[in-house]
Amino acid sequence: MSTPASALSRIKPGTEFASDVRAGLGKTQKELHSKYFYDDLGSALFEAITHLPEYGLTRADERLLRLHAPGIASLIPAQCAVIELGSGTGKKTRSILTALQPPAGGRLRFFPIDVSADALARCAHDLADVAEVHPLEQLYLDGMASAIAERKPDENLLVLFLGSTIGNFERPCAAEFLRNLSQCLQPGDALLVGADLVKNRERMLAAYDDPTGLTAAFNLNILGHINRELRADFELRNFEHHATWNEPERRIEMHLRSRKAQTVSIAEADLTVHFEPGETIWTESSHKFLLPEMAELAGQTGFQIAAQWVDNEWPFVESLWTVR
Ligand code: AVI
């Protein structure tokens, strides 16, 4: 099972969870950070979402990697190690690793970074035939530092940041994160970033409000997660899933809308919260990109575009950047 979006800052301690919940629900527009979707049930629900006919994002990402792995590999220096941010089990990474096999005798080194020990263990097991796997159970930038400390002389790095995880960052935060990343790298190193593109509004909305109700369950589970971990009494049936397209910001926003006036208590956060009927909690932004935006973003953050591949069925780009 993959451990996806927002794993960047997914941090375990209950105290941080409690203080984030307290801060988020104390705002005028109540909000919860999307990293709190991903407890075991939330991760299972996300995995199920990736199989929905309406959610083409993950399939487009996998298709592009499968089809273009040799083309991507041809642009990467021969002496190279691979780092993946939020690898999960590394399922979609196999094609790239296979295409990057070093000349006879050498063994490709792969550093998957993830916060899920289980996903990393499976990744190490499943990809052992194509790479020497060095799992790093860390946050993204900490994991980057650990992997870079292992860099061999004359070795280049290819960093993978797939699945449009970048879209779950606020745009300024995405730029800041990418800038930090480029500063960790050297000329000759590369970043392959997957980003979901703006497409027909109905198609985007259906991907985040599927008729099966999986995305609704995924969204509501954030309240279940708070109930379980922070001894809260959210009544999940008293909230409904709401997904909307914010045109100026080019993002899907997910909210949980209160069906009635209600008060909820969250013991571990020492908090009682009141909801008006129709009031929402904003739980996720999923930014969508325009193709020209990729070059702009690369330019602003210390990279330049080397090549890009766009899926025909589901507008999604795999963008290969090199360090300037
Ligand atoms: C993980 N991330 C890229 C997903 C997305 O599309 O933003 C999370 C998700 N939220 C609802 N469905 C899937």
Side-chain angles (χ1 to χ4, degrees), residues 1-10 31-39 41-62 64-65 84-93 113-116 119 140 160-171 173-174 177-178 192-201 203-225 240-246 249-256 280-289 311 314-319:
M1 184 181 304
S2 70
T3 304
S6 312
L8 163 69
S9 47
R10 188 178 134 191
E31 61 184 42
L32 291 168
H33 197 292
S34 58
K35 66 187 170 187
Y36 295 119
F37 283 139
Y38 300 101
D39 62 351
L41 177 55
S43 298
L45 287 167
F46 176 71
E47 167 72 13
I49 285 172
T50 67
H51 298 280
L52 283 171
E54 294 81 10
Y55 190 82
L57 190 158
T58 310
R59 283 185 298 280
D61 195 22
E62 288 175 354
L64 285 169
L65 294 173
E84 182 170 5
L85 305 173
S87 62
T89 60
K91 189 179 143 211
K92 62 185 161 209
T93 318
I113 301 170
D114 206 286
V115 291
S116 164
Y140 292 167
L160 306 175
F161 195 28
L162 306 173
S164 203
T165 297
I166 192 68
N168 295 124
F169 290 63
E170 293 304 309
R171 287 188 204 274
C173 299
F177 175 71
L178 292 167
L192 184 68
V193 58
D196 200 23
L197 298 174
V198 173
K199 51 189 72 62
N200 173 281
R201 182 174 177 277
R203 216 173 163 202
M204 288 189 290
L205 278 170
Y208 292 86
D209 193 9
D210 58 284
T212 322
L214 272 180
T215 311
F218 173 70
N219 197 7
L220 283 162
N221 177 60
I222 200 168
L223 303 182
H225 186 197
E240 64 186 355
H241 170 63
H242 177 62
T244 177
W245 170 244
N246 181 329
E249 300 291 342
R250 293 195 303 284
R251 66 184 179 214
I252 293 282
E253 292 175 10
M254 296 207 314
H255 290 253
L256 289 166
T280 73
I281 311 173
W282 185 3
T283 50
E284 187 184 59
S285 293
S286 193
H287 294 84
K288 305 301 168 189
F289 297 83
D311 190 62
W314 179 274
F316 184 98
V317 64
E318 232 49 272
S319 196

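Just so we're clear, the structure is a prediction, and the values are computed from it rather than from any experiment. Just the heavy atoms: all of them, side chains too, but no hydrogens, waters or symmetry mates, feed the values below. Atoms within each ligand, like the ligands themselves, are counted from 1 in listed order.
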For ligand 1, is any non-hydrogen atom under 4.0 Å from F218's backbone (N, CA, C, O), its side chain (CB onward), both, or neither? side chain

Nearest 0.5 Å please: distance from the CG atom of L205 over to the CD1 atom of I252. 4.5 Å

With backbone taken as N, CA, C and O and side chain as the heavy atoms from C-beta onward, which portion of I252 lies under 4.0 Å from ligand 1: side chain, backbone, both, or neither? neither

Quick one: which ligand 1 atoms are inside 4.0 Å of a heavy atom on S286? 5 (C), 6 (O), 7 (O)

Give the numbers and elements of all ligand 1 atoms closer than 4.0 Å to a heavy atom of L57. 6 (O)

Quick one: list whatever passes side chain to side chain contact (heavy atoms under 4.5 Å, CB included) with E240, sequence neighbours left out. R257, R259

Decide yes or no for E284 and F37: does some side-chain heavy atom of the first lie under 4.5 Å from some side-chain heavy atom of the second? yes

Would you confirm whether the ring centroid of F218 sits within less than 6.0 angstrom of the ring centroid of Y38? yes

Atoms of ligand 1 close to Y55 [distance to a heavy atom under 4.0 angstrom, numbered from 1]: 4 (C), 5 (C), 6 (O), 12 (N), 13 (C)

So if I count the atoms of ligand 1 from 1 in the order they appear, which ones are less than 4.0 Å from some heavy atom of Y38? 1 (C), 8 (C)

Between F169 and F177 (judged by ring centroids, cut-off 6.0 Å), do the two rings come close enough to count as a pair? yes

Within the 4.0 Å heavy-atom shell around G163, which atoms of ligand 1 are there? 3 (C)

Tell me, please: is F37 in heavy-atom contact with ligand 1, that is, under 4.0 Å? no

Are E253 and H242 packed together at the side-chain level, in the sense that at least one heavy-atom pair is separated by less than 4.5 angstrom? no

